[in-house]
Amino acid sequence: MSPTAVPATRDRLRIAIQKSGRLSDPARALLASCGLSWRESRDKLFCYGETAPVDLLLVRDDDIPGLLADGVCDYGIVGRNVLEEQAAERAAAGKPQLSKELLPLGFGGCRLDIAVPDAWDWQGAAQLQGKRIATSYPGLLGRWLAQQGVEADIVVLSGSVEIAPRLGQADVICDLVSSGATLAANQLRPVQTIMRSEAVLAGPVQPFADIRGELAQMLLRRLDGVLRLKDSRLLMFQARRDEVPGLLELLPDAESPTLLQVDGADTLALQALCHGAMTWQRLEDLKRAGARGLMVLPVERMLA
Ligand code: PRP
Ligand code: ZN
């Protein structure tokens, strides 16, 4: 075996996450909320799992799809944009897809947009015919242009794409937009969304046949539990029996409400897991509809 060869089986799960950047802290926090913890290594590139045989690899986000394809890591938390770009490039090169998106993770939301100089009068994709478009996403942009039937010159840049029009390298750009601040600072305006992105869990197309299969199931189950509870709260209140149907109408997001009888037949205590945000406005609406002693409690864990 050559020193770089990757063993076909492993008894620990290896998850790649972004070393530093926008997805880095939320990715670690999400995995920590799944009960995972790590011993920090001195080089901080590999973190050995303490509470479960799940190790972390801290890498550049753009490297994650390749690490998955090579089997160096088993799962990755990466922007859909990065995953899809490399899938588009693999498809264009006739290579098979070895990893895929398994679960959207609800953070790191952004868009891949075409943005034009403020002064442009945007009239649609046809306007891009023959233009130079700077991007770090040639695969996704190329696919979109082909769908639009537009031929343009794709200028591939690995960063600082927004400055390309001012430097005369390109006419327009295609880049990620989150708050829009970077575009605005460069006198550019988003005109067309090519794709919506967020952080996702990426993993193998085929499930693992070794112990990693079980570890992966545990990870997915816990992630599912954590994500489902994101905005969820336990709502408790009391109300008169005849007011309960009206109150339940105000709680379309309540999961199997439990009703308990208290002092005599007329008062009921209600308890329900609600998945939508429990704002003050909602509580006031419930109170007006007859709810008393309203309480909203955080839910720490759930195992369906
Ligand atoms: C991204 C992206 C844009 C910017 C958009 O870069 O490439 O430049 O964020 O964010 P905004 O709309 O909130 O201004 P990032 O800072 O992640 O650096 P990178 O491109 O070097 O990864
Ligand atoms: Zn990046």
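Remember, it's a predicted structure, so these values are computed and weren't measured experimentally. All ligand and atom numbering here is 1-based and tracks the order in the structure.
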Trainee: Just which atoms of ligand 1 are under 4.0 Å from any heavy atom in V177?
Mentor: 12 (O)

Trainee: Can a donor-acceptor pair be found, under 3.5 Å and without considering hydrogens, that links the side chain of Q18 to the backbone of L23?
Mentor: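 Yes; judged by distance alone, with no hydrogens or angles, the pair exists.
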
Trainee: In ligand 1, which numbered atoms sit nearer than 4.0 Å to a non-hydrogen atom of E162?
Mentor: 3 (C), 8 (O)

Trainee: By side chain to side chain contact (heavy atoms under 4.5 Å, CB included), which residues pair with L201, not counting sequence neighbours?
Mentor: Y75, I77, L102, L103, L105, L220, L223

Trainee: What residues, two or more places apart in sequence or in another chain, satisfy side chain to side chain contact (heavy atoms under 4.5 Å, CB included) together with E214?
Mentor: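 E214 satisfies side chain to side chain contact (heavy atoms under 4.5 Å, CB included) with I211 only.
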
Trainee: What do we get for D175 next to ligand 1 when only non-hydrogen atoms under 4.0 Å count, side chain, backbone, both or neither?
Mentor: side chain

Trainee: Taking everything shown except Q169 itself, do over 12 heavy atoms lie less than 6.0 Å from its CD?
Mentor: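 Enclosed: over 12 neighbouring heavy atoms sit under 6.0 Å from CD of Q169.
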
Trainee: Could you go through the side chain to side chain contact (heavy atoms under 4.5 Å, CB included) check for L67 and R14 one step at a time?
Mentor: CA-CA 11 Å; L67 292 168; R14 205 176 275 172; over 6 Å; no

Trainee: Distance under 4.0 Å to a non-hydrogen atom of S179: what atoms of ligand 1 satisfy this?
Mentor: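 The atoms of ligand 1 under 4.0 Å from a heavy atom of S179 are 11 (P), 12 (O), 13 (O), 14 (O).
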
Trainee: Looking at ligand 1, would G180 count as a contact under a 4.0 Å heavy-atom criterion?
Mentor: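 G180 counts as a contact of ligand 1 under the 4.0 Å cut-off.
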
